[in-house]
Every structure is written in structure tokens, then in C-alpha cells.
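In the text below, chain A, chain B and the rest are named by the order of the sequence lines, each starting its count at 1. Every value quoted in this text rests on a predicted model; they were computed, and no experiment measured them.
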2 protein chains.
Amino acid sequence: MASDSTAPAGRSLLFLTDDQLRKGIEAMFFAYRGFTADPDRILAEKSYGRAHHRAIHFIHRSPGTTVNNLLSILGVTKQSLNRVLRTLIADGLVSSTVGDRDRRERHLHLTAEGAALERSLSDAQRERMRAAYRAAGPAAVAGFREVLEAMMDAEMRRQYQSLVDQPDGR
Amino acid sequence: MASDSTAPAGRSLLFLTDDQLRKGIEAMFFAYRGFTADPDRILAEKSYGRAHHRAIHFIHRSPGTTVNNLLSILGVTKQSLNRVLRTLIADGLVSSTVGDRDRRERHLHLTAEGAALERSLSDAQRERMRAAYRAAGPAAVAGFREVLEAMMDAEMRRQYQSLVDQPDGR
DNA sequence: CTGTCATGTCAACAACACTGACGTATTTCC
DNA sequence: GGAAATACGTCAGTGTTGTTGACATGACAG
């Protein structure tokens, strides 16, 4: 809207121009490219993709998680996840063990080798995040997280919160 | 923040725990899903994908841009872009005209129909961004943008800046 | 025992990315 | 004027990641 340039100054708390919003949209686009760039490079060497990274990340985060659980976090079909999981198990990065209480469930864990890959992936990603956080400062970081959380769907935010509340345990 | 409690208080400007960084990483993952959810729904109805959205967005942003220009912004191969561009031109959403100064170049514009789709896509995405911005407040928004910009590669940040500095002109 | 659940798998398909190679038109440079 | 570089388009092949639909097995629950 061209008429946004005439926006009253006193309403800045609530009045958001299309231009402001567009800049946020474009920032998300380019930032996400940077966000995935480093892991992508590492994964390409081992002929894995982002799907493998996501599976590894969330298995690391919730050791012993079930397939169904992972399915709902990743938001993909079981066929799609299974293809990835199958290669990870075949390659010895992930172990799948029958459940004790419910023997239908399979509990997923990273093997030593899987944990090593997870470490190298998250090291790379954390380094970039650390650099960005340092450059922007603590106040900016708080705002960054607030906006991201507000951008999620309600259901995703629920999953995010329950994940984030438990420490990494590394 | 569980392990954050062990962080030395006086170094908070520079000391970033793995836990803090991991939360940022997971926030990016879930937020980006929300970020693309609304346009994805609209595009699915018309059997277009994210690649079409990106092309339409940047053609709208830089009317008359050349194919090479778009290529470097999107960071894909020309074969990949061409597949998308071909369908958009065939469907009458994008026009391609021979350059005046350099007749090898093709200048890309949105047709009326293309502009209408762009509008409906960006309306949806802007609505989500607006809601997130409102929920988080102006200080958070500034921090959000700062961190995102710091997360980009130098080359991407250059492209982002030159784009963002020109208004939408809507 | 029957119904439901968790999981795994097969097949087919589509979107979107890639590499490599080739062709055409045009511009630039020597 | 002719060679080289540039801009674009296209063909063919491949790989990852997602989808639907169907089916099988084993395990739990009423």
C-alpha cells in the first residue's frame, strides 16, 4: 500500500506497513537459506539430505522417542519418514528397539556414530547461530525468539514448547 | 532455561550456552513451517509449489528483472528456474519481453493475473507476519530483523539489502 | 475374539533440485 | 570481420523428499 507512507506516527505500536512486513518476509527467506547452508554442506558429503538431519536432530533431542512421536513432530507421512529412518538404521546411525511396556512401539536412539554426525551438524549450525546472536546482542535475541514463536501455528507452538523446556543434556 | 542458570551473570553479553542456541535453532525450524504454511495452501489448489511462489515474489519485487538476475537471487540452476518460469509464462502469469539495450536479455513482468496471485499469496503471508509482529511488539521486531540479517551469508545479505532498500510500490 | 493401534513396506507419482551437454542469438573484444 | 563470451532455452538423466493408497504383521484392549 503506497498510502502507508502517510501512517500516523503515534500509532507505531499497532500500525504495521506492508513495507515493514515485506522486509520481515524477505529476511526470513534469506536467513533460512543461511540457517540450513552449513549442515547441508556436511550432509551432501555423506549423501544425506535435510530429512536425515531433521530425524537425527529430534532423535537426539528425545532419545527413545517412538516412530509415531517423531511423525507428529516432523509433520510428514510415515512412508516418507520410514524411507529416511530405514537408511539411517541400515547405516548404523540410529538404533530401533522394541518397546518394553508396549511391544508394538519402536524406540529410537542414536548410535555412537549417529551421535557423532549429530554433533558435527549441530556444531556447524550452532556456530552460525552464535555468531548471529553475538552480532545482534541479547535484547535482539529475545525479540527474535518472541517473533518466531508468535509465527508458529498453535499446534506447532505446543510441540515446540514441550521440546524446548527440556534441556539438551549434552 | 535449565542449564542457563549456570551461565556466569556478568558475561551475558558474550556467553551463549548450547541450550540457548538450540532453542533458537528449533524456533527457526518451527517458525519457518508456519511462515510457509499459508501460501503453500493457496499454491496447492493451483498445483503450484514454493518455487513458483519465490519466482512470482521476486518478479513482483523487481519488475523487468532478467533471468540471470533472478537466478542469482534464488540461488538455483537455470534449468530449475526455467521449468518454473515456463509454466508461469504458459499460464499467462508472467510475461517475458526481449531487452531493448541488450536483445539477449529477457525482462520479466507479472501480468494482471500474475499480480493477482502474488497479491493473494503475500496477503496471506503478511497477515501471519502482522499477527506475529503485533503479538511480539516493536522492540522484538527490531531484534528479530537484526538476528535474521546477522544469520545470512555475506553475499545473501548484500542481495537482501539491495532488495529491501527499495519500497514495494504497491 | 474382534477391533484398533503402531509399525513397516510396496508401488506409483509429483515437485524440485542437480549435472552435463548442446543450440541459438547477440554482444563484446581484439 | 571473426572469435570469444554472454544470455537464454532445452533435452536427458538422476536424486531427495514429499504425497496417496493399499496391505501385512504383531500387539494391545475391550
Side-chain angles (χ1 to χ4, degrees), chain A residues 29 32-33 36-37 39-59 64-91 94-109, chain B residues 29 32-33 36-37 39-59 64-91 94-109:
Chain A
F29 172 74
Y32 198 76
R33 280 240 298 258
T36 56
D40 281 357
R41 264 190 292 275
I42 296 172
L43 291 157
E45 292 169 16
K46 308 197 192 298
S47 68
Y48 288 138
R50 265 182 221 177
H52 299 86
H53 184 189
R54 290 195 288 265
I56 287 174
H57 177 91
F58 287 110
I59 292 172
T65 189
T66 64
V67 174
N68 250 357
N69 206 320
L70 202 51
L71 235 36
S72 75
I73 287 175
L74 296 177
V76 296
T77 59
K78 67 173 176 174
Q79 293 90 329
S80 200
L81 173 60
N82 188 254
R83 187 179 16 214
V84 167
L85 229 37
R86 193 165 21 181
T87 72
L88 290 176
I89 292 170
D91 293 354
V94 168
S95 72
S96 165
T97 57
V98 172
D100 281 342
R101 217 196 52 225
D102 187 334
R103 294 171 49 81
R104 290 173 302 182
E105 295 178 340
R106 298 300 134 88
H107 297 286
L108 304 170
H109 294 268
Chain B
F29 172 74
Y32 197 75
R33 280 240 296 259
T36 56
D40 280 358
R41 265 189 292 274
I42 296 172
L43 291 158
E45 290 169 17
K46 308 197 192 296
S47 68
Y48 290 137
R50 263 180 223 177
H52 300 85
H53 184 188
R54 290 193 289 264
I56 287 173
H57 177 91
F58 288 110
I59 292 172
T65 189
T66 65
V67 174
N68 251 357
N69 207 319
L70 202 51
L71 235 36
S72 76
I73 288 175
L74 296 176
V76 296
T77 59
K78 66 173 175 174
Q79 294 91 329
S80 202
L81 174 59
N82 187 255
R83 175 164 18 91
V84 167
L85 229 37
R86 193 164 25 182
T87 72
L88 290 177
I89 292 170
D91 293 355
V94 168
S95 72
S96 166
T97 57
V98 172
D100 281 341
R101 216 198 52 225
D102 186 335
R103 294 170 48 81
R104 291 172 303 181
E105 295 180 339
R106 298 298 131 89
H107 296 286
L108 304 170
H109 294 267

**Student:** Atom CD of A/E45 and atom CZ of A/R41: how far apart are they, to the nearest 0.5 Å?
**Tutor:**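 Rounded to the nearest 0.5 Å, the CD-CZ separation comes to 10.0 Å.
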
**Student:** Just to verify, what does B/R50 make a side chain to side chain donor-acceptor pair (under 3.5 Å) with, not counting sequence neighbours?
**Tutor:** B/T36, B/D40

**Student:** Pair A/T97, A/R106 - check side-chain contact (heavy atoms from CB on, under 4.5 Å), show working.
**Tutor:** CA-CA 5 Å; A/T97 57; A/R106 298 300 134 88; over 6 Å; no

**Student:** Calculate, to the nearest 0.5 Å, the distance between atoms CD and CG belonging to B/E105 and B/N68 respectively.
**Tutor:**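 The CD atom of B/E105 sits 8.0 Å away from the CG atom of B/N68.
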
**Student:** Please compare B/N69 and A/S80 by the position of their nearest nucleotide in DNA chain D and report the one closer to 5'.
**Tutor:**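 Checking each residue's closest nucleotide, the 5'-ward one belongs to B/N69.
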
**Student:** Is any side-chain N or O of B/N68 closer than 4.0 Å to OP1 or OP2 of D/dC8?
**Tutor:**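 Looking at the OP1 and OP2 atoms of D/dC8, one of them is under 4.0 Å from a side-chain N or O of B/N68.
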
**Student:** Grab the two heavy atoms, one from B/R33 and one from A/L74, that are nearest each other, plus how far apart they are.
**Tutor:** NH1-O, 3.1 Å

**Student:** Do A/D91 and A/Y48 come within less than 4.5 Å of each other through their side chains, counting heavy atoms only?
**Tutor:**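 Of all side-chain heavy-atom pairs linking A/Y48 with A/D91, at least one is under 4.5 Å.
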
**Student:** Considering only heavy atoms and no angle criterion, is a donor-acceptor pair shorter than 3.5 Å present between the side chain of A/Q79 and the base of D/dG21?
**Tutor:** yes

**Student:** Using ring-ring contact (aromatic ring centres under 6.0 Å, His included) as the criterion, list what pairs up with B/F29, not counting sequence neighbours.
**Tutor:** A/F58

**Student:** Determine whether A/H107 and A/T66 make a side-chain contact, defined as any pair of heavy atoms from C-beta on separated by less than 4.5 Å.
**Tutor:**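 Yes, at least one pair of side-chain atoms sits under 4.5 Å.
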
**Student:** Please table the atom pairs, donor to acceptor, closer than 3.5 Å between any side-chain atom in residues 75-89 of chain A and protein atoms at least two apart or in another chain.
**Tutor:**
{"from": "A/T77", "atom 1": "OG1", "to": "A/S80", "atom 2": "N", "distance (Å)": "3.3"}
{"from": "A/T87", "atom 1": "OG1", "to": "A/H52", "atom 2": "NE2", "distance (Å)": "3.3"}
{"from": "A/T87", "atom 1": "OG1", "to": "A/V84", "atom 2": "O", "distance (Å)": "2.9"}

**Student:** Counting only heavy atoms and a strict 4.0 angstrom limit, can you tell me which residues of residues 47-55 of chain A come near DNA chain D?
**Tutor:** A/S47, A/G49, A/R50, A/A51, A/H52, A/R54

**Student:** Please list, pair by pair, any protein nitrogen or oxygen found under 3.5 Å from a nitrogen or oxygen in nucleotides 2-4 of chain D.
**Tutor:**
none

**Student:** Rounded to whole Å, please give me the gap between CG in A/L70 and P in D/dG18.
**Tutor:** 12 Å

**Student:** At a heavy-atom distance below 4.0 Å, what parts of residues 95-107 of chain B sit against DNA chain D?
**Tutor:**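 Hits under 4.0 Å, by residue number: B/R104, B/E105, B/R106.
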
**Student:** Applying side chain to side chain donor-acceptor pair (under 3.5 Å), can you list everything that pairs with A/N69, at least two apart in sequence or on another chain?
**Tutor:** none

**Student:** If the condition is side chain to side chain donor-acceptor pair (under 3.5 Å), which residues does B/R101 pass it with, not counting sequence neighbours?
**Tutor:** none

**Student:** Can you pull the contact range of chain B along DNA chain C, 5' to 3', using atoms under 4.0 angstrom from its heavy atoms?
**Tutor:** C/dC16 to C/dT27

**Student:** What residues in residues 81-90 of chain B put a non-hydrogen atom under 4.0 Å from any atom of DNA chain D?
**Tutor:** B/N82, B/R86

**Student:** Check whether any side-chain heavy atom of B/L70 sits under 4.5 Å from a side-chain heavy atom of B/L108, and report yes or no.
**Tutor:**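 Heavy-atom side-chain distance check passes, below 4.5 Å.
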
**Student:** Taking side chain to side chain donor-acceptor pair (under 3.5 Å) as the definition, give me every residue that meets it alongside B/D102, ordered by chain and number, with sequence neighbours left out.
**Tutor:** B/R104

**Student:** Quick one: pull up CZ in A/R54 and CD1 in A/I59 and give me the separation to the nearest 0.5 Å.
**Tutor:**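 So the CZ of A/R54 and the CD1 of A/I59 are separated by 13.0 Å.
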
